[in-house]
Asker: 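Below are the structure tokens for one structure; questions will follow.
Residues: numbered from 1 along the sequence shown.
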Amino acid sequence: MPYLNVTEVESAVTSLAAVYPAAELTELPEPSVEGRTAHALRIGTGDRDVNDAVVLIGGVHAREWGSCEILVDLAADLLEAHRDGTGLTYGGTAFTPAQVRNILEGLDVVVFPLVNPDGRHYSQTVDPMWRKNRNPALSGGDPAGVGVDINRNYDFLFDFGTAFHPAAPVRVSTDPADPQQVYQGPSPFSEPESRNVRWLLDRFPRTRWFVDLHSYSEDMLFVWGDDDNQSLDPSRNFQNPDFDHKRGLADDLLYGEFVPKADADDSVVLAEQFSRGAKGVRGKDYTPMPGFDLYPTCGTSDDYAYARHLMESDKGKVLAFTVEWGKSFHPPWPEMEQIILDVDAGLLQFCLTAVT
């Protein structure tokens with residue numbers, strides 16, 4: 001099949017919920033600027049909130065078309081295999097019927113394939129390289145100024161001018177027409193798309209793992225994205241203003257973002273297991289590494305998802321990751337079909353590791 005359009009993604013999600021008893025449809029509360037309503041699936045055999053949850057999202061950046069297909073196929077494969085009592089095989093990576101059953105009986109797998117439907121529609125019909133959503137509010141009539149980068153709109157070091165060292169190459173902008181399309185928006189959660197992701201995390205309070213699918217670079221990233229990780233000095237953390245204007249420089253002594261060693265170790269194990277599952281399909285090497293090793297960022301979904309329990313004591317801890325699949329935004333469909341197998345095998349290995 002070719003890449004799915006917006007209507008086809010939504011149809012696939014709603015059809016899976018209608019066909020399989022182990023799938024529950026969840027409507028996200030906020031329509032997009034252009035009036036589109038999005039849906040997610042909870043996949044699991046238990047009642048909601050009985051099991052811990054893993055939340056998987058995609059379609060955040062409009063031009064990264066294949067993320068939606070990866071998640072739709074993952075949901076369909078899991079549901080069909082569980083219904084039929086079969087295993088799943090992706091090239092050289094295989095999962096037994098018992099392993100499939102363990103995932104669905106031991107986890108809630110929450111799949112949100114298309115966070116940014118307006119942007120995807122525009123990318124597929126007008127400008128293939130469009131990245132942002134389609135909010136025109138701050139464009140000033142400039143077509144390039146339409147939209148916000150959803151993955152810079154979360155509440156994590158949003159005031160990057162204060163948080164980061166002046167020389168830090170943090171990839172974000174306050175300019176709606178920034179040519180890299182990394183405009184963060186006027187405030188955290190100014191956009192319905194990022195608010196929907198926040199709502200989904202609140203809707204499933206037992207979420208313990210979060211994965212955001214992007215392209216491209218064949219990496220499996222874990223927090224943090226603002227600076228090098230360190231587990232020795234808890235005072236060096238994103239909430240401490242003493243370290244403002246010091247973040248974002250690699251291999252320096254000014255700053256390193258604190259993460260408890262147990263969380264760091266668990267994140268590495270899960271990232272390595274994802275990479276092992278993906279490599280088994282056809283030998284592709286996905287590199288597990290902190291997000292900062294790719295480039296410094298702020299306002300991203302993964303850092304926000306993990307930071308929630310540090311900013312709000314009533315939130316549970318969520319180990320958070322970003323997959324950067326493939327080597328281009330729009331691979332030829334035969335190659336995208338193989339990428340789907342790679343990443344789905346990696347995600348299933350991730351889920352199996354999480355549940356055991």
Asker: Taking side-chain hydrogen bond (donor to acceptor under 3.5 Å, both in side chains) as the test, write out the residues that go with Asn237, two or more places apart.
Answerer: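 None.
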
Asker: I'd like to check the ring pair (Phe, Tyr, Trp, His ring centres under 6.0 Å) partners of Tyr295; sequence neighbours left out, ordered by chain and number.
Answerer: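 Scan of Tyr295 (ring pair (Phe, Tyr, Trp, His ring centres under 6.0 Å), adjacent residues dropped) gives none.
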
Asker: So which heavy atom on Cys68 is nearest to which on Pro113, and how close?
Answerer: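 Residues Cys68 and Pro113, closest heavy atoms: SG-O, 3.2 Å.
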
Asker: Give me each pair satisfying side-chain hydrogen bond (donor to acceptor under 3.5 Å, both in side chains) with a member in residues 251-266, each pair once, sequence neighbours excluded.
Answerer: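 Sorted pair list: Arg247-Tyr255, Tyr255-Glu257, Lys261-Asp265, Asp263-Tyr306, Asp263-Lys317.
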
Asker: Can you tell me if Thr322 and Asp302 form a side-chain donor-acceptor pair at under 3.5 Å?
Answerer: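 Side-chain D/A pair, Thr322 to Asp302: present.
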
Asker: Are any side-chain N or O atoms of Asp303 and backbone N or O atoms of Gly225, one a donor and one an acceptor, separated by less than 3.5 Å?
Answerer: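 Confirmed, Asp303 side chain pairs with Gly225 backbone.
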
Asker: Can a donor-acceptor pair be found between the side chains of His214 and Glu324 at a distance below 3.5 Å?
Answerer: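 His214 vs Glu324: no donor-acceptor pair found between side chains.
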
Asker: Is it the case that Asp159 and Thr162 place a side-chain donor and acceptor less than 3.5 Å from each other?
Answerer: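 On atom types as modelled, these side chains qualify, holding a pair under 3.5 Å.
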
Asker: What's the shortest heavy-atom distance between Leu221 and Gly291, and which atoms?
Answerer: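 Looks like CB-CA, 4.0 Å.
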
Asker: Could you verify whether a donor N or O on one side chain and an acceptor N or O on the other, from Glu30 and Asn196, lie under 3.5 Å apart?
Answerer: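 Side chains of Glu30 and Asn196: no pair found under 3.5 Å.
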
Asker: Taking Phe210 as the fixed residue, which of Val110, Ile57, Val223, Leu200 is the one that meets the side chain to side chain contact (heavy atoms under 4.5 Å, CB included) rule?
Answerer: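 Single side chain to side chain contact (heavy atoms under 4.5 Å, CB included) partner of Phe210 among Val110, Ile57, Val223, Leu200: Ile57.
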
Asker: Which heavy-atom pair separates Val100 from Ala81 by the least distance, and what is that distance?
Answerer: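 Result for this residue pair: CG1-CB, 4.1 Å.
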
Asker: Centres of the Tyr3 and Trp333 rings: under 6.0 Å?
Answerer: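 Centroid separation for Tyr3 and Trp333: below 6.0 Å.
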
Asker: May I have the step-by-step check of side chain to side chain contact (heavy atoms under 4.5 Å, CB included) for Leu28 and Trp199, ending in yes or no?
Answerer: CA-CA 8 Å; Leu28 279 299; Trp199 179 90; 3.6 Å; yes

Asker: So, for Leu107 and Cys351, which heavy atoms are closest and what is the spacing to 0.1 Å?
Answerer: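 Minimum heavy-atom contact is CD1-O, 3.6 Å.
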
Asker: Closest approach of Pro97 and Gly87, non-hydrogen atoms and distance?
Answerer: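 Looks like CG-N, 3.5 Å.
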
Asker: Less than 4.0 Å between a side-chain N and a carboxylate O, is that true for Lys284 and Asp342?
Answerer: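 Looking at Lys284 together with Asp342, the answer is no, because their closest N to O distance does not fall below 4.0 Å.
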
Asker: Could you tell me whether the side chain of Asn153 and the main chain of Ser190 form a donor-acceptor pair under 3.5 Å?
Answerer: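 Present.
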
Asker: Supply the atom-to-atom distance Leu71 CG to Leu114 CG, rounded to the nearest 0.5 angstrom.
Answerer: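 The CG atom of Leu71 sits 10.0 Å away from the CG atom of Leu114.
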
Asker: Could you tell me whether Arg198 sits above the aromatic face of Phe189, with NZ or CZ closer than 6.0 angstrom to the six-membered ring centre and within 45 degrees of the axis?
Answerer: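 Yes, a cation-pi geometry.
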
Asker: Under the ring pair (Phe, Tyr, Trp, His ring centres under 6.0 Å) test, which residues partner Phe321, sequence neighbours left out?
Answerer: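 Phe321 satisfies ring pair (Phe, Tyr, Trp, His ring centres under 6.0 Å) with Phe350 only.
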
Asker: May I have all residue pairs that pass salt bridge (Lys or Arg N to Asp or Glu O under 4.0 Å) and include part of residues 114-134, sequence neighbours excluded?
Answerer: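 As it turns out, the salt bridge (Lys or Arg N to Asp or Glu O under 4.0 Å) pairs with a partner in residues 114-134, which skip direct neighbours, are Arg36-Asp118, Glu69-Arg120, Arg131-Asp149.
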
Asker: Rounded to the nearest 0.5 Å, what separation is found between the CZ atom of Phe156 and the OG1 atom of Thr297?
Answerer: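 So the CZ of Phe156 and the OG1 of Thr297 are separated by 8.0 Å.
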
Asker: Between atom CZ of Phe274 and atom NZ of Lys279, what is the distance when rounded to the nearest 0.5 Å?
Answerer: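 The distance works out to 13.5 Å.
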
Asker: I need the Thr174 OG1 to Phe158 CZ distance, nearest 0.5 Å.
Answerer: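 Result: 9.5 Å between the selected atoms.
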
Asker: Just by distance, no angles: are the side chains of Ser235 and Asp233 close enough, under 3.5 Å, to form a donor-acceptor pair?
Answerer: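 Yes, a side-chain donor-acceptor pair sits under 3.5 Å.
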
Asker: Taking the side chain as every heavy atom from C-beta outward, state whether Leu270 and Gln273 have any pair of such atoms under 4.5 Å apart.
Answerer: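 No - every pair of side-chain heavy atoms lies 4.5 Å or more apart.
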
Asker: Return yes when atom CG of Asp84 has more than 12 non-hydrogen atoms of other residues, nucleotides or ligands closer than 6.0 Å, and no otherwise.
Answerer: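 Result for CG/Asp84: enclosed.
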
Asker: Just by distance, no angles: are the side chains of Ser275 and Asp285 close enough, under 3.5 Å, to form a donor-acceptor pair?
Answerer: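 No, Asp285 and Ser275 have no side-chain donor paired with an acceptor closer than 3.5 Å.
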
Asker: Can you tell me how far the CG atom of Asp202 sits from the CG atom of Asp314, to the nearest 0.5 Å?
Answerer: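 Asp202 CG to Asp314 CG: 8.5 Å, rounded to 0.5 Å.
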
Asker: State, with a plain yes or no, whether a side-chain heavy atom of Pro136 is found less than 4.5 Å away from one of Val33.
Answerer: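 Yes; the side chains approach each other to less than 4.5 Å.
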
Asker: For residues Ser301 and Asp212, is any side-chain donor paired with an opposing acceptor at under 3.5 Å?
Answerer: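 Yes, a side-chain donor-acceptor pair sits under 3.5 Å.
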
Asker: If you measure from CD on Gln184 to CZ on Arg171, what distance do you get to the nearest 0.5 Å?
Answerer: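 Taking CD in Gln184 and CZ in Arg171, the distance rounds to 15.5 Å.
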
Asker: State, with a plain yes or no, whether a side-chain heavy atom of Pro290 is found less than 4.5 Å away from one of Asp228.
Answerer: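 Side chain of Pro290 against side chain of Asp228, heavy atoms only: no contact under 4.5 Å found.
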
Asker: Could you tell me if the ring centre of Phe292 sits under 6.0 Å from that of Trp224?
Answerer: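 Between Trp224 and Phe292, which both carry aromatic rings, the centre distance is not below 6.0 Å.
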
Asker: Please examine the side chains of Ile70 and Asp344, heavy atoms only from C-beta on, and report whether any two atoms are closer than 4.5 Å.
Answerer: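 Yes, their side chains come closer than 4.5 Å.
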
Asker: Among all residues two or more places apart in sequence or in another chain, which pass the side-chain hydrogen bond (donor to acceptor under 3.5 Å, both in side chains) test with Lys246?
Answerer: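 If we apply the side-chain hydrogen bond (donor to acceptor under 3.5 Å, both in side chains) test to Lys246, skipping adjacent residues, there are no hits.
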
Asker: If you compare all heavy atoms of Ala12 against all heavy atoms of Val72, which two are closest, and at what distance to 0.1 Å?
Answerer: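 It is CB-CG1, 3.8 Å.
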
Asker: Do Glu191 and Asn133 have a side chain donor and acceptor closer than 3.5 Å?
Answerer: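 Checked: Glu191/Asn133 side chains pair up, N/O donor to acceptor below 3.5 Å.
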
Asker: Salt-bridged, Glu27 to Arg42, with N to O below 4.0 Å?
Answerer: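 No, Glu27 and Arg42 are not salt-bridged.
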
Asker: Any side-chain heavy-atom pair from Val111 and Val109 closer than 4.5 angstrom?
Answerer: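 The answer is yes, as the side chains (C-beta and beyond) meet within the 4.5 Å cut-off.
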
Asker: Any side-chain heavy-atom pair from Phe112 and Val197 closer than 4.5 angstrom?
Answerer: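 Of all side-chain heavy-atom pairs linking Val197 with Phe112, at least one is under 4.5 Å.
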
Asker: When you compare the side chain of Val318 with that of Trp209, does any pair of heavy atoms fall below 4.5 Å?
Answerer: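 Heavy-atom side-chain distance check fails, nothing below 4.5 Å.
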
